[in-house]
There are 2 protein chains.
Amino acid sequence: MPARTTAARAGLTIAEASARTGLTPHTLRYYERDGLMLREVGRTASGHRVYTDADLAWVTMLTRLRATGMPIREMREYAALCRRGEGNEESRLGLLQAHRSRVLEQLAAVTDHLGAIDEKIGIYRGRLGRPA
Amino acid sequence: MPARTTAARAGLTIAEASARTGLTPHTLRYYERDGLMLREVGRTASGHRVYTDADLAWVTMLTRLRATGMPIREMREYAALCRRGEGNEESRLGLLQAHRSRVLEQLAAVTDHLGAIDEKIGIYRGRLGRPA
DNA sequence: CAACGCCTTCGAGCGCGCTCGAAGTCAAGG
DNA sequence: CCTTGACTTCGAGCGCGCTCGAAGGCGTTG
């Protein structure tokens, strides 16, 4: 275990990375196993993972993609493209744009459905003599 | 099988209900099995399901709840409340309002994440010399 | 009357995204 | 030196929401 509890060390333990990203250590290991990380996560002499700020930034991007509904499979593709280095920016852009437009569609659909649900709520409020 | 292909019959076959709701026959049966229907779906003499407009309207509501992320378990609760008849409008309203506010939170989160993804897209576009 | 096609029930299976537990290692503290 | 506790790997398990296939019934059509 590292000496200081939290400080300007070069890297973070998995527990710290977990705290900062909101993902559990289990999930962080799973993402790594599943080929979602940009580069190999560093290790201490004893084999413990060491997360850099760059790793955290990448994980944050992953959580954004996930939270907007991107399947793991596609995140893996994106990671693979990024890992391969320069020269495939077109593909990465395409992937992100496709995702973006799916998200927009989904936002519109959810908003629409929510409107209908709101009407239902309005009906119940009216029936309970409780306006607005 | 009914005589006319589509007409002003009192009810619809499962295939027609499927076509109108966008759910597969398998899923319609599954919802029914799972206690999500408001009332028992009618049957022909030979045991085939007959969907009324009321059934379709209810299924549409179900799809809206699902599409906004309500778990099946909760839809079942809501259906149970509705089935029990008048007197529990408070509970139904509470359930829908709770759902509504979760959906709003999720919309906000997705919108936020999308903003970050858009930034990334902007970076790639810039890098590819392709503004806006 | 045979064939076709859509329906029925039932239970099993699947893809996704985690989530967990067992068994072991290592470093620091008492 | 021994305990503690956070870490490691590995593979299995789980909850959700369908999805499917087998086996059989009915009723219109050629």
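Please read all numbers here as calculations on a predicted model, not as lab measurements. As a basis for the values below, the full set of heavy atoms in this structure was taken, side chains included, without hydrogen atoms, waters or symmetry mates.
Comparing B:A45 and B:R73, the nucleotide of DNA chain D nearest to each residue sits closer to the 5' end for B:R73. Each of A:I72 and B:R43 was assigned the nucleotide of DNA chain C with the nearest heavy atom; the assignment lying further toward the 5' end belongs to B:R43.
Across the protein-nucleic acid pair, B:L36 atom CG and D:dC16 atom P stand 13 Å apart, rounded to whole Å. In this structure, the OH atom of B:Y30 is 18 Å from the P atom of C:dT8, given to the nearest Å. For A:I14 and D:dA6, the CD1 to P distance is 13 Å, given to the nearest whole Å. Rounded to an integer number of Å, the gap from CE of A:M75 to C1' of C:dG17 is 10 Å. Between the CZ atom of A:R76 and the C1' atom of C:dG15 there is a distance of 12 Å, given to the nearest Å. Atom CG of A:L28 is separated from atom P of C:dC20 by 14 Å (rounded to the nearest Å). Between A:E74 atom CD and C:dG15 atom P there is a gap of 18 Å when expressed in whole angstrom units. Atom CD in B:E32 sits roughly 18 Å away from atom P in D:dG17 (whole-Å rounding).
Under 4.0 angstrom from either OP1 or OP2 of C:dT9 there lies at least one side-chain N or O belonging to B:R49. OP1 or OP2 of D:dC18 has at least one side-chain nitrogen or oxygen of B:R66 nearer than 4.0 Å. For C:dC7, the OP1/OP2 oxygens have a side-chain nitrogen or oxygen of B:T13 closer than 4.0 Å.
B:R64 and A:E119 are not joined by a salt bridge, as no carboxylate oxygen comes within less than 4.0 angstrom of a charged side-chain nitrogen. Between A:E86 and A:R92 there is no salt bridge, since none of the side-chain N atoms of the basic residue sits less than 4.0 Å from a carboxylate O of the acidic one.
Out of D:dC18, D:dA6, C:dC20, the shortest distance to the side chain of B:T27 is found at D:dC18. In this structure, of D:dA12, C:dG21, D:dT8, it is C:dG21 that holds the atom nearest to the side chain of A:H26.
Residue-level contact check: B:P25 touches neither bases nor backbone, having no heavy atom under 4.0 Å from any strand. Counting non-hydrogen atoms under 4.0 angstrom, A:R29 reaches a base of the nucleic acid. Note on B:A15: only backbone sugar-phosphate atoms sit closer than 4.0 angstrom, heavy atoms only; bases stay farther off.
The hydrophobic cluster containing B:Y31 also contains B:M61, counting ILVMFWY residues as joined when their side-chain heavy atoms lie under 4.5 angstrom apart, directly or transitively.
Tested against B:L12, the residues B:D53, B:D55, B:T21, B:V50 include a single side-chain contact (heavy atoms from CB on, under 4.5 Å) partner, B:D53.
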Applying salt bridge (charged side-chain N to carboxylate O under 4.0 Å, His left out), run through B:R102 and B:E74 and close with a yes or a no. CA-CA 13 Å; B:R102 270 174 292 150; B:E74 200 170 333; 2.8 Å; yes

